[in-house]
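Proteins come first, then strands; the chains are lettered A, B, ... in the order of their sequence lines, and each starts at number 1. This structure is a prediction, so every number in the text was calculated from the model and none was measured.
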Amino acid sequence: MDMTDIKPLDPYRWTITSTPKPVILYGNKALIEEMDEKVREQIVNVTKLPGLVGAAMTMPDAHWGYGFPIGGVAAFDPDEGGIISAGGVGFDISCGVRCLRTNVFINDVSGHLLQIVDALFNTVPAGVGSEGEIRLSMTEINKVMTGGAEWALRKGYGVREDLNYVEEKGCMADAEPDNVSDQAKKRQLGEMGTLGSGNHYLEVEVVEKIYDAEAARAFGISEGQIIIAIHCGSRGLGHQIGSDYLVALAKAAGRLGIHLPDRELACAPILSEEGQRYIGAMRAGINCALANRQIITHLTREAMSSIIPDIHIETLYDVSHNTCKQEKHRVDNKERELFVHRKGATRALPPGHMLLPERYKQTGQPVFIGGSMGTGSYLLAGNPVEQNQAFSSASHGAGRKMSRHQALKQWHGRQLIDELERQKIYIRSKTMRGVAEEAPGAYKDVDEVAEATEKGGLARRVAFLRPLACIKG
DNA sequence: ATGTCC
């Protein structure tokens, strides 16, 4: 990024001086300098949208996205003409991470990793257009969209206890399946319980290092323990909702005379008819993703217990990183009801927050920074609002630093898999191309991102997780 | 991200 007009507020928060409304870029100097120029352009565009409250922000893992940057956070006030944007949520609505805690340790699995990775790969469908065993009717898909993980539980996937540790207790209220096109629904009829492609994965990890012993105790983790992370979203349904509403919101913006600095920022006022329709459809997409991760949790339990019969797997936490949520935030000493877009950014609720399960009340919300294939991930905990100035948001991953196209030119999938296998990290994927696109070298340094996340006050590190086995789409 | 261009 060209550092002209970019000034540090402190070593981990930067502002762009030439914008009428504030921008805050989170990250150390190196991360900001290496960030694509497009990120600056896109976040400055976001400040020009009606009803923005406070600053438009980017997390330390930010990179170029559709309209909004991935790693972007922006809150809007409905009473000040605030908008909702499909590009501000992302095409993969409610893409997120379900983190599972097991009762087994590295010594219990190290001799079985090949069996484990094959069992997972054979049990959890992955890849573009992948379908599972589940076939739904158009009536049933409507129930998915209102029930979320609760629907999956009723169908026999998972245990009641899981839902305690899922955002919204597994069911997003006020979802409107009627606002979702038949085309979107049809795309999803065979895709429940599937991982998808791209950066989605299911990974077996070991707790390598504990940073915060007290929070680790609350999270129920200790060194050497096996953790499983499921990263996926709302598949074809969410994508189709995004595509449908991009058109609808662009029309609304035109009709209502909203100036769009970039047509990819198609949006409508939260209080407009189109805005309300998208919000209902997006919430239906959120439930689809929550149900999807609930089913995959069940499939993971099946696959893991076929290799390690005594394994017991609990949900540590499930949090989305592509959403727009209605939340109460205190701004300039006034409590306001805002719509917070988090695109490639996770919610990070502070200690004591009413929406947290009892188990995490003292520590704050578990936050998951999913690293690139083979490099490791971090568990963090949400900070008090005095420290987190980003509407209780934090980084969601390592963040790409190179395009997929560029990565393809630089790496071969097969070679990457062999190289990782030599490090005893086992990868299974439907496509070698996908693996090359996801090369660790195409991502930022996850250690740097996690450190910047902590030093920027967004969340504090609890544990580093080292990858053992990973299945990719 | 995505039935990777109906």
Q: Give A/Gln183 one of three labels, base, sugar-phosphate or nothing, depending on what nucleic acid heavy atoms sit under 4.0 Å from its own.
A: base
**Q.** 5'-most by nearest nucleotide on DNA chain B - A/His200 or A/Val128
**A.** A/His200
Q | Integer-rounded Å distance: B/dT2 P and A/Asn322 CG | A | 11 Å
Q) Touch check for A/Arg404, heavy atoms < 4.0 angstrom, all strands: base, sugar-phosphate only, or nothing? A) sugar-phosphate
Q. A/Tyr12 and A/Tyr26: aromatic ring centres closer than 6.0 Å?
A. no
(Q) Using a heavy-atom cut-off of 4.0 Å across all strands, would you classify A/Ser197 as base, sugar-phosphate, or nothing? (A) base
**Q.** Taking every non-hydrogen atom, the tightest pair across A/Glu438 and A/Tyr443
**A.** OE1-OH, 2.7 Å
Q: Would you mind reading off the distance between A/Gln188 atom CD and B/dT2 atom C1', rounded to a whole angstrom?
A: 12 Å
**Q.** Atom-to-atom span, CD1 of A/Ile70 to P of B/dT2 - whole angstrom
**A.** 13 Å
**Q.** Distance in angstrom units between A/Leu195 CG and B/dT2 C1', rounded
**A.** 14 Å
Q) B/dT4 P sits how many Å from A/Leu408 CG, rounded? A) 16 Å
Q | Nearest atoms (heavy-atom pairs only) where A/Leu256 meets A/Pro269 | A | CD1-CD, 3.6 Å
Q.
Do A/Lys430 and A/Phe121 form a cation-pi contact, if we require the NZ or CZ to be under 6.0 Å from the six-membered ring centre and within 45 degrees of the ring's axis?
A. yes
Q: Let me know the distance between NZ of A/Lys472 and C1' of B/dT4, rounded to the nearest Å.
A: 15 Å
Q: Name the nucleic acid region contacted by A/Gly196, choosing base, sugar-phosphate or nothing; use a 4.0 angstrom heavy-atom cut-off, strictly under.
A: sugar-phosphate
Q: Please state how far atom CZ in A/Phe91 lies from atom P in B/dT4, giving the value in whole angstrom units.
A: 14 Å
(Q) From CE of A/Met432 over to C1' of B/dT4, roughly how many Å is that when rounded to an integer? (A) 18 Å
